[in-house]
Amino acid sequence: MSSDRKLTPLGEDFSAWYNEVVLRAELVDYTPVKGSLVIRPYGYAIWELIQGALDGMFKATGHENAYFPLLIPESLLAKEAEHIEGFAPQTAVVTRGGGKELEEPLVIRPTSEAIIWPIMAGWIQSYRDLPLLINQWANIVRWELRTRPFLRTLEFLWQEGHTAHATQEEAEAEARQMLGIYRRFMEDWMAMPPVTGRKTEREKFAGADRTYSCEPMMQDNRALQAATSHNLGQKFSRAFEVKFQTEAGEHDYVWSTSWGASTRLIGGLVMTHGDDVGLILPPKLAPIQVVVVPIYKSSAERASVLEAAERIRASLDRNVRVKVDDRDTLNPGAKFYEWERKGVPVRLEIGPRDVAAGQVMVVRRIVFGDAERKVAMGESEAIAMLEGLLETMQAGLHERALDRRERNSYRGLKDYGEFKQIMSQSGGYIYTGWCGGEECESKVKDDTKATIRVIPDPEFRSDDAPDKCIACGAESTNEVVWARAY
RNA sequence: CGGGACGUGGCGCAGCUCGGUAGCGCGCCUGAAUGGGGUUCAGGAGGUCGCGGGUUCGAAUCCCGCCGUCCCGACCA
C-alpha cells in the first residue's frame, strides 16, 4: 500500500505535512498527557547539536551556566505585576506535596525570572559583582490551549539567559548582543535567516522594557518567533530588590536582561527546509551527515562491501558524522527512503561493482544549481570532497531560505486593500508604515490575522518606507513588518 | 473554551444506515529465496471495536454521558 508511505504534500496541507514529518522522521512521539510530547533520540540528537553550538557562543561571550529549581512560590511570581498578569493564565500549579495541601502553592516555572532574581540578589552587593552573566538549560511548562509538536507544547526545553548590569546602556548592549548571537546561529547553523528587530508594546515579553526578536519565515510564509532577547530595565530588580552599591558609593537597582530559545527551533528547522519526501537537515545540525548504505547479494559480497564501507566510515569519522547502515532486514531501496525522510544530507551507496572499481555512488538529499544528484566517484576522491560538499549544501540551504523569504516579502505597500489581499492569499512579510497606535495593530489583526512581527533593525528597513500608517493613514512613526505567525 | 472532523490489533482504514460476536493493507515474528529506489513466497502472533451507563435474547453498530486526538479560531515561545 503506497498511500500511507507517502507524506501529504507540503503544498496541499502544510499542517498535515508538518505533523507527518515530525512523527515519521522519528523526532517526536505522543504521550498520555495532552500536548506533552516525547522528543525521540533522533530529535534529541538535533537538540544536542543546537545546544552545543549556542552554549559555545554564550560561553565565548562570558556567560556561565547554572541551574535554578523548577518550583516557584506563587507569591514570588506575583511580585512583578506585568509578569504575573502575562503568565498567570498559562501556569501549572502544585497544591499538594507529601500527601498534604501546601501552605503556599508552587508554580511550575513558565520562565525563571521570579526564582532567579530573589536568589541572585544575594550574590550582588557591589558594582564589582557586575555584570552577572548566567544562563540555564531547563524545561518549562506553559499551559497552552492548543499545542503543536515543537512549536507549542505544554512542556518544552529551552535555555534562558539572565544577566545583571550596572547601567542601562550595558543592559541594552547585552540584549542586542544576544539577539545578534541568535541571528548568527540561525544563519550559520540553521540556514534559517531571520528578520530581526524590536517588538511593539503589545507583543513584548510580560515585564520587559524592550523585547527583540528573530523572525524567520517558514515555507507557508508564516513567521516563527524563533528567539527573543529582553531588556528588562529595572522592572525586575525593583520588584525583587536587586540593589548594588555604585563606584560612587550610591545605591541603585541593577539593569537586567533575559533571552531565550527553545526546542521550537527544531520545528523551525523542519518548516524551513523540509520537502515532500520529509526532513532536510542543514549539515551542521544533522546528527548523521553521511550515511553509507552497503549493497550486496552473497555473503562473500557482503563481507567485501562491508569492509569497504567500514574503511570509508573510518576515514571520514574524524571530521564528519557518518553512519554505516548495515541492517540486514531492509533492502537498499527501503533504506534510501528512510534516510531521505530523516533528512540525512549525503548518502554513499557502495556495492560489489563499486568495490571492484574502487568507487562509491554519492547521492545528495538536495541539489543546488546544475549539480548531479547522484554521481559515481573514486573512493578517495569522494572522501576528499565530502566536507566541501556538506559546506556547499549548508550554504545552498541558507541561500534558498533567504531567497524564499525575500521573494515573499513586500515593501513600499501603501494600499490596505492590497495588504488584505496578500494576507488572505499567499501571506508573507509586508513592510509598511505604522502610526504607532495599538488600535491599528488590533484592527489589522482582526481583519487579517497578521501581527507586527518586528519594528525591523536598520539593515532590514526599506529605502522607500511609506510615510503613512497602512491602517489609518496617519503619519508613520516606524516601518514595521507584518505577518501571520505561529 | 467556541466551530468542524474523528476514535476499531503497532500504523492507515473498512464494517455502523438495515444489531447476530470483527475484516483488509502495511508493519511485526519464523523460514527460504532476494538485494543498485519502499523485494517475494510460505507459515504465524496480535483486537473485551476510546471509557462508563442504557435499550435488547444479543451492541463495534441504536440511545445518553464522559474522555481523547486532529483541523479552524481565541490565548501563547
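Naming: A, B, ... by sequence-line order, numbering from 1 per chain.
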Under 4.0 Å, heavy atoms only, any strand: does [X] hit a base, just the sugar-phosphate, or nothing?
| X | answer |
| --- | --- |
| A:R302 | nothing |
| A:F87 | nothing |
| A:L151 | base |
| A:T451 | nothing |
| A:D446 | nothing |

Phosphate-side-chain proximity, [X] and [N], N/O vs OP1/OP2 below 4.0 Å:
| X | N | value |
| --- | --- | --- |
| A:K335 | B:G37 | no |
| A:N19 | B:U69 | no |
| A:S15 | B:C72 | yes |
| A:K445 | B:C75 | yes |

In whole angstrom, give me the gap between the [atom1] atoms of [N] and [M].
| N | M | atom1 | value |
| --- | --- | --- | --- |
| B:G31 | B:U17 | P | 45 Å |
| B:C49 | B:G20 | C1' | 16 Å |
| B:G3 | B:G47 | P | 38 Å |
| B:U61 | B:G50 | C1' | 16 Å |
| B:C71 | B:C64 | C1' | 27 Å |
| B:G2 | B:G10 | C1' | 35 Å |
| B:U8 | B:U69 | C1' | 15 Å |
| B:A45 | B:U30 | C1' | 10 Å |

Going by the salt bridge (charged side-chain N to carboxylate O under 4.0 Å, His left out) test, which pairs reach into [range], not counting sequence neighbours?
| range | answer |
| --- | --- |
| residues 64-74 of chain A | none |
| residues 75-91 of chain A | A:E82-A:K235 |
| residues 217-233 of chain A | none |

Would you say the side chains of [X] and [Y] form a donor-acceptor pair under 3.5 Å?
| X | Y | answer |
| --- | --- | --- |
| A:W17 | A:S15 | no |
| A:T200 | A:E441 | yes |
| A:Y296 | A:D328 | yes |
| A:Q136 | A:S112 | yes |
| A:S237 | A:S256 | no |

Expected list for residues 266-287 of chain A: side-chain donor-acceptor pairs under 3.5 angstrom, two or more places apart:
unit_1	atom_1	unit_2	atom_2	d
A:T272	OG1	A:G268	O	2.7
A:H273	NE2	A:M190	O	2.8
A:H273	NE2	A:A191	O	3.2
A:D275	OD1	A:V277	N	2.9
A:D275	OD1	A:G278	N	3.2
A:D275	OD1	A:R365	NH2	2.8
A:D275	OD2	A:R365	NH1	3.0
A:D276	OD1	A:L10	N	2.7
A:K284	NZ	A:D188	O	3.4

May I ask you to decide if the ring planes of A:F156 and A:W158 are parallel, tilted or perpendicular, using 30° and 60° as cut-offs? perpendicular
Between A:A334 and A:R453, whichever has its closest RNA chain B nucleotide further toward 5' is A:A334
Which nucleotide in the list B:C75, B:C71, B:G73 gets nearest to the side chain of A:E144? B:C75
Take atom [atom1] of [X] and atom [atom2] of [N], then tell me their distance rounded to the nearest Å.
| X | N | atom1 | atom2 | answer |
| --- | --- | --- | --- | --- |
| A:M423 | B:G73 | CE | P | 14 Å |
| A:E301 | B:G35 | CD | C1' | 9 Å |
| A:D220 | B:C72 | CG | P | 10 Å |
| A:Y18 | B:C72 | OH | P | 13 Å |
| A:Q90 | B:A74 | CD | P | 16 Å |
| A:D13 | B:G4 | CG | C1' | 14 Å |
| A:L330 | B:C26 | CG | P | 16 Å |
| A:R148 | B:C71 | CZ | C1' | 9 Å |

Give, ordered by number, those residues of [range] having at least one heavy-atom distance below 4.0 Å to an atom of RNA chain B; if nothing qualifies, reply none.
| range | answer |
| --- | --- |
| residues 265-296 of chain A | A:I295, A:Y296 |
| residues 200-211 of chain A | none |
| residues 336-370 of chain A | A:F336, A:Y337, A:E340, A:R341, A:R347, A:E349, A:G351, A:P352, A:R353, A:D354, A:M361 |

Please say which of A:E174, A:R210, A:E172 ends up in a side-chain hydrogen bond (donor to acceptor under 3.5 Å, both in side chains) with A:N231. A:E172
Could you tell me which residues satisfy side-chain hydrogen bond (donor to acceptor under 3.5 Å, both in side chains) with A:R347, sequence neighbours excluded, listed by chain and number? A:E340, A:E349
Please tabulate, one pair per line, all N/O donor-acceptor pairs under 3.5 Å involving side-chain atoms of residues 355-362 of chain A, not counting sequence neighbours.
unit_1	atom_1	unit_2	atom_2	d
A:Q359	NE2	A:D354	OD1	3.1

Can you pull out every ring pair (Phe, Tyr, Trp, His ring centres under 6.0 Å) where at least one residue sits in residues 205-227 of chain A? Sequence neighbours excluded, please. A:H83-A:F205, A:F87-A:F205, A:F205-A:H230
For RNA chain B, what string of dots and brackets results from 5' to 3' when Watson-Crick and G-U pairs need both distances under 3.5 Å, crossing pairs get [ ], and pairs with another strand get |? ((((((((.[[[[.)....(..]]]].((((((.....)))))).....[[[[[..)....]]]]])))))))....
Carboxylate-amine/guanidinium contact A:E215 A:R453, below 4.0 Å: yes
Across all chains, not counting sequence neighbours, the ring-ring contact (aromatic ring centres under 6.0 Å, His included) partners of A:Y416 are A:F419
